[in-house]
Amino acid sequence: MKRKKMLVTGGSGFIGGNFVQYIVNKYPEYDIYNLDLLTYAGDLTKHKDIEVKDNYLFVKGDIADRESIMSLFEKEKFDFVVHFAAESHVDRSITDPGVFVQTNVVGTQTLLDASRHVGITKFVHVSTDEVYGELDFDPTTFFTENTPLQPNSPYSASKASSDFLVRAYHETYGLPVNITRCSNNYGPFHFPEKLIPLTISRVLNEEKVPVYGDGKNIRDWLHVIDHCSAIDLVLHKGQVGEVYNVGGHNEKTNLEVVKSIINILGKSENLIEFVEDRLGHDKRYAIDPTKLEQLGWEPTYKFETGIAQTIQWYIDNKDWWEQIISGEYKEYFDKQYNGKDQKIKH
Ligand code: NAD
Ligand code: TYD
């Protein structure tokens, strides 16, 4: 029987990286191609265990480079595309929105054109709950798949634009697509600019942790492996053309998250530093995952177990994140928190 070919874009980043490892091990009968530009957020060192496998191949490239993408698809004739590649950090999108439009919108459209050209079996577009905008603090309200898209940051606006293109390619050309919209992820290989890995790495180094505004904004946290299993299910069982929300009902204020990390590590809450709020800071995200549960999905991690394991992973893999925070990232951190905005006080 002919082997199936799966293209994973952004498979050297946080979620795509976890997904590639999950899928390479689970489906030895598939050939997995990881296409990644290796921006600041991508690194290959995380894949040293799977690099040796016969069903894994890395391809360096830009999803918005039309000529290369078209020739890659013509050559490999992929069966499945699982699309993670994106600029993903809200704070960076506030400082420099242009690259978010280029990668998240133009890049997605390029992949859709190439997928249409070769006639793929399924295109899964990995999106975010942030496209729905924000909820207020009423704990009985949730994002459903029918919530209107009202993105507030340049990041979420670029993701919402790409969601609309994916939908349009299905409605107009019949491209077999699914869109997943997941809540905030955490787990191994999370880049230390995002709240949880930033807090763990800074607390381990006894450095101040910047909490935006009053710390009362709420995010709904999901372990990255539970996100991977959701995408796997949608890829194989999702009804063509449908959107699926992904979330495990783990709502926490940012302050609760930061304090739980500090407490697990046995450090002082004096490390918390309240800093100037993020512009347009969304108050609350919370997912209703009923539709995905009806497809057969259930999360395996409770936040309390998942965060303890994640902290242990950062202790055991200090080399990985230390090499990141000592490089180009240091410049980013200094500009973001110590620059003329004076976001973090010393
Ligand atoms: P990430 O920033 O860790 O990784 C992004 C990856 O994409 C990197 O490896 C980077 O090198 C690559 N990339 C960037 N631009 C590219 C380009 N032009 N061509 C090819 N590769 C490129 O992101 P993440 O947190 O792993 O998020 C992955 C996807 O999941 C994104 O689409 C994001 O919107 C979505 N998502 C993230 C979360 C979250 O909590 N992190 C939640 C829901 C959805
Ligand atoms: P983040 O990890 O950037 O994810 P997102 O903005 O996509 O939800 O931020 C999570 C929450 O933590 C968000 O409400 C902003 C807040 N935050 C801080 O308070 N301090 C920080 O240094 C960062 C990076 C985020």
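First listed ligand is number 1; within each ligand, the first listed atom is number 1. Worth saying up front: this structure is predicted, and the values here are computed from it rather than measured. Numbering starts at 1 and runs along the sequence shown.
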Heavy-atom proximity to atom 3 (O) of ligand 2, picking from Arg278, Gln336, Arg219, points to Arg278
For atom 18 (C) of ligand 2, which of Tyr186, Phe274, Tyr212 has the closest heavy atom?
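Considering heavy atoms of Tyr186, Phe274, Tyr212, the nearest to atom 18 (C) of ligand 2 sits in Tyr212.
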Would you mind checking which non-hydrogen protein atom is closest to [atom], with the distance to 0.1 Å?
atom: atom 43 (C) of ligand 1; answer: Cys182 O, 3.4 Å
atom: atom 37 (C) of ligand 1; answer: Ile15 CD1, 3.3 Å
atom: atom 5 (C) of ligand 1; answer: Ala86 O, 3.4 Å
atom: atom 40 (O) of ligand 1; answer: Asn185 N, 2.9 Å
atom: atom 3 (O) of ligand 1; answer: Phe14 N, 3.0 Å
atom: atom 4 (O) of ligand 1; answer: Gly13 CA, 3.4 Å
atom: atom 8 (C) of ligand 1; answer: Asp36 OD2, 3.6 Å

Where's the contact between [X] and ligand 1, heavy-atom distance under 4.0 Å: side chain, backbone, both or neither?
X: Trp221; value: neither
X: Ser183; value: backbone
X: Thr103; value: side chain
X: Lys159; value: side chain

Which is it for Val209 and ligand 2 at heavy atoms under 4.0 Å: side chain, backbone, both or neither?
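Neither; nothing of Val209 gets under 4.0 Å from ligand 2.
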Between Leu198 and ligand 2, find which residue part has any heavy-atom pair under 4.0 Å and reply side chain, backbone, both or neither.
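The part of Leu198 near ligand 2 is the side chain, not the backbone.
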Could you check whether [Y] and [X] have their ring centres less than 6.0 Å apart?
X: Tyr27; Y: His236; answer: yes
X: Phe123; Y: His170; answer: no
X: His47; Y: Tyr56; answer: yes

Does Tyr186 have a non-hydrogen atom less than 4.0 Å from ligand 1?
no
Can you check whether Asn250's main-chain N or O pairs, donor with acceptor, with Asp220's side chain at less than 3.5 Å?
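It does hold such a pair.
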What atoms in ligand 1 come closer than 4.0 Å to a heavy atom of [X]?
X: Tyr155; value: 33 (C), 34 (O)
X: Ser127; value: 43 (C), 44 (C)
X: Asp62; value: 17 (C), 18 (N), 19 (N)
X: Gly42; value: 8 (C), 9 (O), 11 (O)
X: Phe84; value: 28 (C), 29 (C), 31 (C), 32 (O)
X: Leu38; value: 11 (O)
X: Gly61; value: 19 (N), 20 (C)
X: Val126; value: 30 (O), 32 (O)

Under-4.0 Å salt bridge between [X] and [Y]:
X: Lys283; Y: Asp136; result: no
X: Arg219; Y: Glu256; result: no
X: Lys4; Y: Glu29; result: no
X: Glu145; Y: Lys291; result: no

Would you say [X] has any N or O atom under 3.5 Å from an N or O of ligand 2, going by distance alone?
X: Val211; result: no
X: Glu193; result: no
X: Glu130; result: yes
X: Tyr285; result: no
X: Val90; result: no
X: Asn217; result: no

Can a non-hydrogen atom of Tyr337 be found less than 4.0 Å from any atom of ligand 2?
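Flag set, Tyr337 near ligand 2.
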Mark yes or no: Arg92 above the aromatic ring of Tyr40, with NZ or CZ under 6.0 Å from the six-membered ring centre and no more than 45 degrees from the axis.
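Yes.
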So for ligand 1, is Asn184 a polar contact partner (N or O within less than 3.5 Å, distance only)?
no
Pairs of nitrogen or oxygen atoms closer than 3.5 Å, one from Ile63 and one from ligand 1: do any exist?
yes
Looking only at side chains, do Glu130 and Tyr285 share a donor and an acceptor under 3.5 Å apart?
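Yes, because at least one side-chain N or O of Glu130 sits under 3.5 Å from a partner of the opposite role on Tyr285.
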Sort out for me which residue in Asn205, Leu198, Leu204 forms a side-chain contact (heavy atoms from CB on, under 4.5 Å) with Arg202.
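Exactly one candidate clears the test, Leu198.
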